[in-house]
Every structure is written in C-alpha cells, then in structure tokens.
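Chain identifiers are assigned alphabetically (A, B, ...) following the order of the sequence lines, protein sequences preceding nucleic acid strands; residue numbering begins at 1 within each chain. Side-chain atoms are counted along with the backbone in the values below, which use heavy atoms only and exclude waters and symmetry mates.
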Amino acid sequence: MKIATYNVNGVNGRLPVLLRWLEESGPDIVCLQELKAPQEKFPEKAIRDLGYEAIWHGQKSWNGVAILSRVGEIHETRRGLPGDPDDLHSRYIEAAVAGVLIGGLYLPNGNPKPGSKFDYKLRWFDRLIDHAAELLGSGLPVMLAGDFNVMPTDLDVYKPERWLDDALFAPEARAAYARLLGQGWTDALRTLHPGEKIYTFWDYFRNAYARNAGLRIDHLLLSPVLADRLVAAEVDRDVRGWEKTSDHAPVWVELADKPQRRRRPAAASEVGASL
DNA sequence: ATGACATGTCGTACATGA
C-alpha cells in the first residue's frame with residue numbers, strides 16, 4: 001500500500017498537476033495540504049472520477065487539508081487539533097483508512113520570527129505533540145503525514161547557515177520535531193535514506209529547483225507497528241519540474257501488509273516518553 | 001541584506017508563503 005503527502009499550493013489552480021500525478025504515481029491514500037479553497041470549492045468530482053473518495057477541511061484563501069483514498073472508505077476521526085477552540089485554521093484532518101489511522105497536517109510556517117506567528121507555530125506544535133502521544137498510546141497503526149514546515153537537521157537544508165534565523169529551521173522548531181520523534185515515531189524518508197541529501201520543497205525564486213537548493217519539510221512519521229511494515233520511501237521529485245507545479249513535491253511510503261523487519265528495541269527515552 | 005516567484009482575493013495591491 002502506497003501512502004503519500006503532497007502540499008499542492010492551491011488545489012484548484014494545481015488541479016491538472018494533481019490529477020496527472022495521481023494517475024502516474026497511483027498512490028492508494030493521499031494527504032493534501034494548502035488547498036487554498038473554501039469547503040464548497042474542493043474539486044471532488046475530478047478526484048472521484050479518478051477513483052478516489054475524499055474528505056477535506058477547506059478554508060477561504062489559506063490552509064486547507066484533505067485525505068483521499070482509492071482503497072476503501074475513509075472514516076473521519078477528527079478535524080482540527082484539540083487544545084485550542086479559538087484556532088480556526090484548517091490544518092489537521094484525521095481518519096481511519098484501510099486499517100491505518102492517518103493524521104494529515106499542515107503545521108504553521110511561523111515566519112516572521114520572532115513574533116505572534118512564530119508563537120502560534122510553537123503552540124500548534126505542542127498541541128500536535130500532545131495529540132500524537134495519545135495516538136501512539138493507542139497502539140494502533142498510525143501515521144502522521146504532511147507539511148511540518150521544519151527541516152529536522154542540517155542535512156535537510158541546502159545551506160543551513162542561511163536558515164538559522166528562519167522559523168522553519170529555528171532551534172525551537174527543530175527541538176519540537178525532535179521531541180515528537182522521541183515519542184517513538186519513525187521518519188520514513190530519513191530512515192531509508194540516511195545521510196542522503198533529499199528534499200521535498202524548492203522555492204520558486206532564483207531557479208532553486210534547477211540548482212537543487214531545496215528543503216526537506218514534508219514528512220511521513222510511522223508508529224512502531226507501521227515502521228515494521230516500511231519497505232520504501234521516496235520523493236516524486238520530477239513533479240516539481242512540471243508546468244504550473246507546486247513548490248513542494250509529493251512524498252510517499254510503501255507499506256507491506258505484514259511486518260518486514262524485526263522491531264528494534266525501544267530506546268530508554270522512548271520508554272520514558274510513553275509512561 | 002535583499003529580493004527573486006506564486007497563490008487567492010468581491011483584485012488592479014495586499015496578505016501569505018518558506
């Protein structure tokens with residue numbers, strides 16, 4: 001089973017690119033971010049015509065997340081993160097699909113830093129960490145997929161020293177990501193490509209894609225049960241080179257039906273985090 | 001250090017993004 005995440009940067013403006021990618025790459029389940037469309041303007045029919053059912057949480061102009069599936073019903077379990085009833089951004093949607101509980105997320109960008117937007121990013125991250133702990137505690141096969149707006153390490157940025165003051169690479173943001181992973185999540189792409197320069201975003205400026213001046217900010221995190229089923233994780237890099245494309249590329253994992261590897265022993269820090 | 005480019009909006013400039 002192939003599960004992908006893709007920040008489309010406008011689901012309607014990007015519809016031809018999205019549909020072409022769905023046909024060519026054939027993911028079974030997809031998390032989309034940055035729909036930039038109100039609830040009633042999601043292109044449900046075009047997506048359904050390709051064999052996908054969908055749930056989505058739209059918002060006028062900004063944000064917006066969706067989950068698509070061509071492998072069975074989508075059982076929505078929540079939209080919006082708990083912990084702040086005043087947070088009206090459409091940034092989180094969660095569903096059980098084909099035996100996997102999937103949280104699709106679009107973490108706040110946080111720039112400029114310092115400022116209220118950066119504070120919001122860190123608060124949102126804290127709420128995600130709290131909720132993620134509950135998900136892990138369930139023992140179910142769980143995945144968190146989306147645009148985390150964080151480069152976890154130096155290896156994930158084309159030029160780390162240029163990004164130190166940016167909200168996407170700030171020590172506080174990286175620390176929050178590390179805290180999340182410390183609960184016991186597996187960063188699928190990094191785990192199967194250790195030490196490799198591998199990016200998921202290239203900005204539109206200065207020929208960034210051609211120069212491979214990229215960032216790795218779109219992540220697929222697997223709970224221990226799912227990590228045992230991980231067989232592949234890749235970036236559909238070519239999509240970033242298409243006409244009228246998003247500044248992000250799709251990222252996906254292939255999961256086997258059964259465990260493929262022996263579970264590694266939990267680290268002491270993980271045991272502590274789960275208590 | 002700046003700005004390059006792209007999105008959507010009751011546009012024709014602005015807010016937002018990363």
Side-chain angles (χ1 to χ4, degrees), chain A residues 5-19 21 31-43 56-66 87-92 104-125 128 145-174 176-177 189 197-219 235 237 239-251:
Chain A
T5 179
Y6 186 19
N7 179 323
V8 287
N9 188 9
V11 72
N12 286 305
R14 220 64 77 183
L15 194 56
V17 169
L18 173 62
L19 298 179
W21 169 71
C31 295
L32 297 177
Q33 303 87 38
E34 276 207 88
L35 303 179
K36 291 186 170 180
Q39 190 67 14
E40 65 275 15
K41 290 208 175 143
F42 182 84
W56 64 96
H57 193 195
Q59 182 180 333
K60 195 173 85 169
S61 307
W62 320 117
N63 311 315
V65 286
D87 180 8
L88 300 179
H89 290 197
S90 298
R91 296 182 177 276
Y92 187 83
L105 65 101
Y106 174 47
L107 208 135
N109 174 304
N111 278 308
K113 175 184 107 59
S116 61
K117 292 194 173 174
F118 188 62
D119 296 341
Y120 172 58
K121 176 178 196 162
L122 295 182
R123 282 201 315 275
W124 204 94
F125 223 140
L128 177 64
D147 177 357
F148 286 68
N149 269 317
V150 178
M151 298 84 91
T153 71
D154 284 2
L155 186 56
D156 304 310
V157 199
Y158 67 98
K159 199 174 270 197
E161 64 276 14
R162 280 263 175 101
W163 288 83
L164 283 171
D165 290 330
D166 192 278
L168 277 69
F169 198 53
E172 300 95 321
R174 277 183 284 162
Y177 187 83
L189 197 59
K197 256 177 28 178
I198 184 163
Y199 303 136
T200 67
F201 168 92
W202 298 261
D203 77 34
Y204 292 119
F205 311 149
R206 295 209 214 127
N207 217 15
Y209 178 61
R211 295 187 299 118
N212 198 27
L215 311 173
R216 190 174 75 93
I217 55 178
D218 300 274
H219 308 302
V235 179
R237 196 180 186 286
V239 176
R240 179 61 181 83
W242 294 357
E243 287 290 311
K244 297 286 288 175
T245 200
S246 169
D247 38 8
H248 296 250
V251 189

Would you tabulate the pairs of protein nitrogen or oxygen atoms and nucleotide nitrogen or oxygen atoms of nucleotides 4-6 of chain B closer than 3.5 angstrom?
none

Any protein N or O atoms within reach of nucleotides 12-15 of chain B? Criterion: under 3.5 Å, listing atom names and distances.
none

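By the 4.5 Å heavy-atom criterion applied to side chains, His219(A) and Leu189(A) are not counted as neighbours.
Between Arg162(A) atom CZ and dT2(B) atom C1' there is a gap of 10 Å when expressed in whole angstrom units. The nearest whole Å value for the distance from the CG atom in Leu35(A) to the C1' atom in dT9(B) is 17 Å.
Between Ser246(A) and Asn9(A) the shortest heavy-atom distance is OG-CB, 3.6 Å.
In terms of phosphate contacts, His248(A) brings no side-chain nitrogen or oxygen within less than 4.0 Å of OP1 or OP2 of dG17(B). Side-chain N/O atoms of Asn7(A) include one lying less than 4.0 angstrom from OP1 or OP2 on dA18(B). Dashed line: the shortest gap from a side-chain N or O of Asn111(A) to OP1 or OP2 of dA18(B) is not under 4.0 Å.
Taking only distance into account, the side chain of Asn109(A) meets the base of dA18(B) through a donor-acceptor pair shorter than 3.5 Å.
Counting non-hydrogen atoms of neighbouring residues, nucleotides and ligands closer than 6.0 angstrom, the CG atom of Asn212(A) exceeds 12 such neighbours.
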- [ ] Whenever both distances are under 3.5 Å in a Watson-Crick or G-U wobble pair, mark it; put DNA chain B into dot-bracket that way, with [ ] for crossing pairs and | when the partner is on another strand.
- [x] ....(((((...))))).
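Atom name P, nucleotides dT16(B) and dC10(B): the rounded distance is 14 Å, in whole Å. dA18(B) and dA6(B) have their C1' atoms separated by 12 Å, given to the nearest Å.
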